[in-house]
Visitor: 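Would you mind keeping the following structure in view while I ask a few things?
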Amino acid sequence: MPELPEVETTRAGLAPHVEGRRVTDVVVRERRLRWPVPAALSRELPGQIIQRIWRRGKYLLLSTPIGSVIIHLGMSGSLRIVAAGSPVQPHEHVDLVLDHDRALRLRDPRRFGCVLWTRRDPLRHRLLAGLGPEPLGEAFDGAYLAARAAGRRQAIKGLIMDSRVVVGVGNIYATEALFRAGIHPARAAGRISAARLERLARCIRDVLASAIEAGGTTLRDFVDGNGRPGYFSQQLDVYGRTGQPCPACGTTLKSGEIGQRTSVWCPRCQR
DNA sequence: ACTGGCTCCTGAGGGC
DNA sequence: TGCCCTCAGGAGCCAG
């Protein structure tokens, strides 16, 4: 379940292996991902140089002079650098073969991810055009969050997981940030004080930033099969700890479904 | 304009 | 030991 820290760790790990490389071939073994891998990718990408690998929300973007590859890892996707022609494991659906006898290989057992191709500005692609601000960027702060929460009856957890409001906050980090901020995940967004939303915005930034940092420090070589960043579960306070004592006060952590997503919270610390 | 619900898919884990 | 069932989960999309 790649969340933003995992995507960012992947981006940073891949960059030295793909930037400046020419794509020599595109191999699609399974076209049926979240959306079909477009034929235009195989037709137009070969011969192009990958100038930059960057990220918008959880979308990874590979820029070339004539267009961009848009990759989303869904919840089971991973990318790694393999030796060109190395044996294909199950669920390894797409290879971008590079000019130094390596390939960027996508594995995605559940196929919730996607590999798309656009010749336009990828930020104007329909999947990216409506995205909210980056949580670690300057546009995301307490005032912004308060403006978006105003009048909303939706549970705060659903609001911060809405990519139109802010990108990159998945179930794990939404759960963690709400715990750190002392806010009950089901509380109506519009009924939370500006001061508490300020705190929540800070907690979202902090939890994501520290997870990215942890990913950076544990970043392994993305070559030859060691390319899967971990999920930093060792530093999660409440996610996956239903029934265990709250790390802050010792009260038994509760869980339940909020907005079709499992949530964990401390009934004493979070109001 | 909002909100909740459904959907894609497969691996993991629990129960028997 | 092994099989079967349930569930998780990103996020686009649709219906109310």
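Convention: sequence-line order gives letters A, B, ...; per-chain numbering from 1. Only this structure's heavy atoms are used, side chains among them; waters, hydrogens and symmetry mates stay out.
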Visitor: Please list, chain by chain and in numerical order, all residues satisfying salt bridge (charged side-chain N to carboxylate O under 4.0 Å, His left out) with A/D141, sequence neighbours excluded.
Guide: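 A/D141: no salt bridge (charged side-chain N to carboxylate O under 4.0 Å, His left out) contacts found.
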Visitor: Might you point out which heavy atoms bring A/L4 and A/G57 nearest each other, and give the distance in Å?
Guide: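 So the two residues come closest at CD1-O, 3.9 Å.
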Visitor: Does C/dG12 have OP1 or OP2 sitting under 4.0 Å from an N or O in the side chain of A/Y59?
Guide: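 So the side chain of A/Y59 is within the cut-off, an N or O lying under 4.0 Å from OP1 or OP2 of C/dG12.
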Visitor: Going by side-chain contact (heavy atoms from CB on, under 4.5 Å), A/C266 matches just one of A/L253, A/V238, A/L178. Which one?
Guide: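 Only one of A/L253, A/V238, A/L178 forms a side-chain contact (heavy atoms from CB on, under 4.5 Å) with A/C266, namely A/L253.
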Visitor: Report yes or no: do A/D99 and A/T24 form a side-chain donor-acceptor pair below 3.5 Å?
Guide: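 No, because no side-chain N or O of A/D99 sits under 3.5 Å from a partner of the opposite role on A/T24.
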Visitor: If hydrophobic clusters are built by linking Ile, Leu, Val, Met, Phe, Trp and Tyr wherever their side-chain heavy atoms come under 4.5 Å apart, do A/I192 and A/L159 end up in the same one?
Guide: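 Same cluster: A/I192 reaches A/L159 through Ile, Leu, Val, Met, Phe, Trp or Tyr contacts under 4.5 Å.
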Visitor: With A/R22, which residues qualify under side-chain hydrogen bond (donor to acceptor under 3.5 Å, both in side chains), at least two apart?
Guide: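 Result, side-chain hydrogen bond (donor to acceptor under 3.5 Å, both in side chains) vs A/R22: none returned.
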Visitor: Using five base pairs at each end, measure the axis-to-axis angle across the helix from B/dC2-C/dG16 to B/dC16-C/dG2 and round it to 10 degrees.
Guide: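 Between the axes fitted at each end of the helix from B/dC2-C/dG16 to B/dC16-C/dG2 lies an angle of 50°.
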Visitor: Taking CZ from A/R32 and P from B/dC9, how many angstroms apart are they, rounded to a whole number?
Guide: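 For the pair A/R32 CZ and B/dC9 P, the rounded distance is 8 Å.
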Visitor: Could you tell me which non-hydrogen atom of A/K58 sits nearest to which non-hydrogen atom of A/H72, and how far apart they are?
Guide: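 Heavy atoms only, the tightest pair is CB-NE2, 3.6 Å.
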Visitor: Provide, to the nearest angstrom, the distance between the CG atom belonging to A/L33 and the C1' atom belonging to C/dG10.
Guide: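 Atom-to-atom, A/L33 to C/dG10, this comes out as 14 Å.
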Visitor: Is there any protein nitrogen or oxygen under 3.5 Å from a nitrogen or oxygen in nucleotides 4-6 of chain B, and what are the pairs?
Guide:
{"residue": "B/dG5", "atom": "OP2", "partner": "A/Q260", "partner atom": "NE2", "Å": "2.7"}
{"residue": "B/dG5", "atom": "N7", "partner": "A/Q260", "partner atom": "OE1", "Å": "3.4"}

Visitor: Do A/I66 and A/V37 belong together in a cluster built from hydrophobic side chains that touch within less than 4.5 Å?
Guide: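 In one cluster with A/I66: A/V37, yes.
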Visitor: Between the protein and nucleotides 10-13 of chain B, are there any N/O to N/O pairs under 3.5 Å, and if so, what are the atom names and distances?
Guide:
{"residue": "B/dT10", "atom": "OP1", "partner": "A/R111", "partner atom": "NH1", "Å": "3.1"}
{"residue": "B/dT10", "atom": "O2", "partner": "A/R110", "partner atom": "NE", "Å": "2.8"}
{"residue": "B/dT10", "atom": "O2", "partner": "A/R110", "partner atom": "NH2", "Å": "3.3"}
{"residue": "B/dG11", "atom": "OP1", "partner": "A/H91", "partner atom": "NE2", "Å": "2.6"}
{"residue": "B/dG11", "atom": "N3", "partner": "A/R110", "partner atom": "NH2", "Å": "3.3"}

Visitor: Got a list of protein N/O to nucleotides 13-16 of chain C N/O distances below 3.5 Å?
Guide:
{"residue": "C/dC13", "atom": "OP1", "partner": "A/R126", "partner atom": "NH1", "Å": "2.9"}
{"residue": "C/dC13", "atom": "OP2", "partner": "A/R126", "partner atom": "NH1", "Å": "3.4"}

Visitor: Under the side-chain hydrogen bond (donor to acceptor under 3.5 Å, both in side chains) rule, what pairs show up with a residue in residues 179-191 of chain A, not counting sequence neighbours?
Guide: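 Only A/H184-A/W265 qualify under side-chain hydrogen bond (donor to acceptor under 3.5 Å, both in side chains).
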Visitor: Roughly how many Å is it from CZ in A/R152 to P in B/dA1, rounded to a whole number?
Guide: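 It works out to 12 Å between those atoms.
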Visitor: Which atom names give the shortest non-hydrogen contact between A/G170 and A/M161, and what distance separates them?
Guide: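 Scanning both residues completely, I find the closest heavy atoms to be C-CE, 3.9 Å.
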Visitor: Quick test of your reading: applying salt bridge (charged side-chain N to carboxylate O under 4.0 Å, His left out), list the pairs with at least one residue in residues 126-135 of chain A, sequence neighbours left out, ordered by first then second residue.
Guide: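 Found A/R55-A/E134, A/R56-A/E134.
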Visitor: Using atom CG of A/L128 as one end and atom C1' of C/dA11 as the other, report the distance to the nearest whole Å.
Guide: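 Distance check: A/L128 CG to C/dA11 C1' gives 12 Å.
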Visitor: Between A/R80 and A/E92, does any side-chain N to carboxylate O distance fall below 4.0 Å?
Guide: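 Salt bridge flag = yes for A/E92 with A/R80.
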Visitor: Please write out each protein N/O paired with an N/O of nucleotides 3-6 of chain C under 3.5 Å, distance rounded to 0.1 Å.
Guide:
none

Visitor: Under 4.0 Å, heavy atom to any atom of DNA chain C: which of residues 116-124 of chain A qualify?
Guide: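 Heavy-atom cutoff 4.0 Å gives no residues at all.
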Visitor: Among side-chain atoms of A/R105 and A/S86, is any donor-acceptor pair under 3.5 angstrom?
Guide: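 The answer is yes; a qualifying pair exists.
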Visitor: What integer distance in Å separates A/M75:CE from B/dC9:C1'?
Guide: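 Checked: the CE to C1' distance equals 9 Å.
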Visitor: Grab the two heavy atoms, one from A/Q270 and one from A/P185, that are nearest each other, plus how far apart they are.
Guide: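 Where A/Q270 meets A/P185 most closely, the heavy atoms are NE2-CD, 3.8 Å.
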Visitor: Would you say the side-chain atoms of A/W54 and A/S63 include a donor-acceptor pair closer than 3.5 Å?
Guide: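 Yes.
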Visitor: Tell me whether A/F112 and C/dA11 count as stacked here, given that the ring centres must be under 5.5 Å apart and the planes must differ by less than 30 degrees.
Guide: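 Answer is no, no stack.
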Visitor: Could you tell me which non-hydrogen atom of A/P36 sits nearest to which non-hydrogen atom of A/L116, and how far apart they are?
Guide: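 Minimum heavy-atom separation between A/P36 and A/L116: O-CD2, 4.1 Å.
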Visitor: How close do A/G240 and A/V264 get, heavy atom to heavy atom, and via which atoms?
Guide: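 Smallest interatomic distance, heavy atoms only, reads N-CG2, 4.1 Å.
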Visitor: Taking CG from A/D108 and C1' from C/dA8, how many angstroms apart are they, rounded to a whole number?
Guide: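 One finds 15 Å between C1' of C/dA8 and CG of A/D108, rounded.
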Visitor: Check the distance between C/dA11's C1' and A/I160's CD1 and give it to me in whole angstrom.
Guide: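 It is 16 Å, rounded to the nearest whole Å.
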Visitor: Separation of A/E6 atom CD from C/dG10 atom C1', in whole Å?
Guide: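 The distance from CD of A/E6 to C1' of C/dG10 comes to 13 Å, rounded to the nearest Å.
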Visitor: Would you mind listing every salt bridge (charged side-chain N to carboxylate O under 4.0 Å, His left out) that reaches into residues 147-164 of chain A, with sequence neighbours excluded?
Guide: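 The answer is A/D162-A/R164.
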Visitor: Kindly write out the residues that satisfy salt bridge (charged side-chain N to carboxylate O under 4.0 Å, His left out) with A/E44, not counting sequence neighbours, or none if the list is empty.
Guide: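 Counting only residues at least two positions away or on another chain, A/E44 forms a salt bridge (charged side-chain N to carboxylate O under 4.0 Å, His left out) with A/R119.
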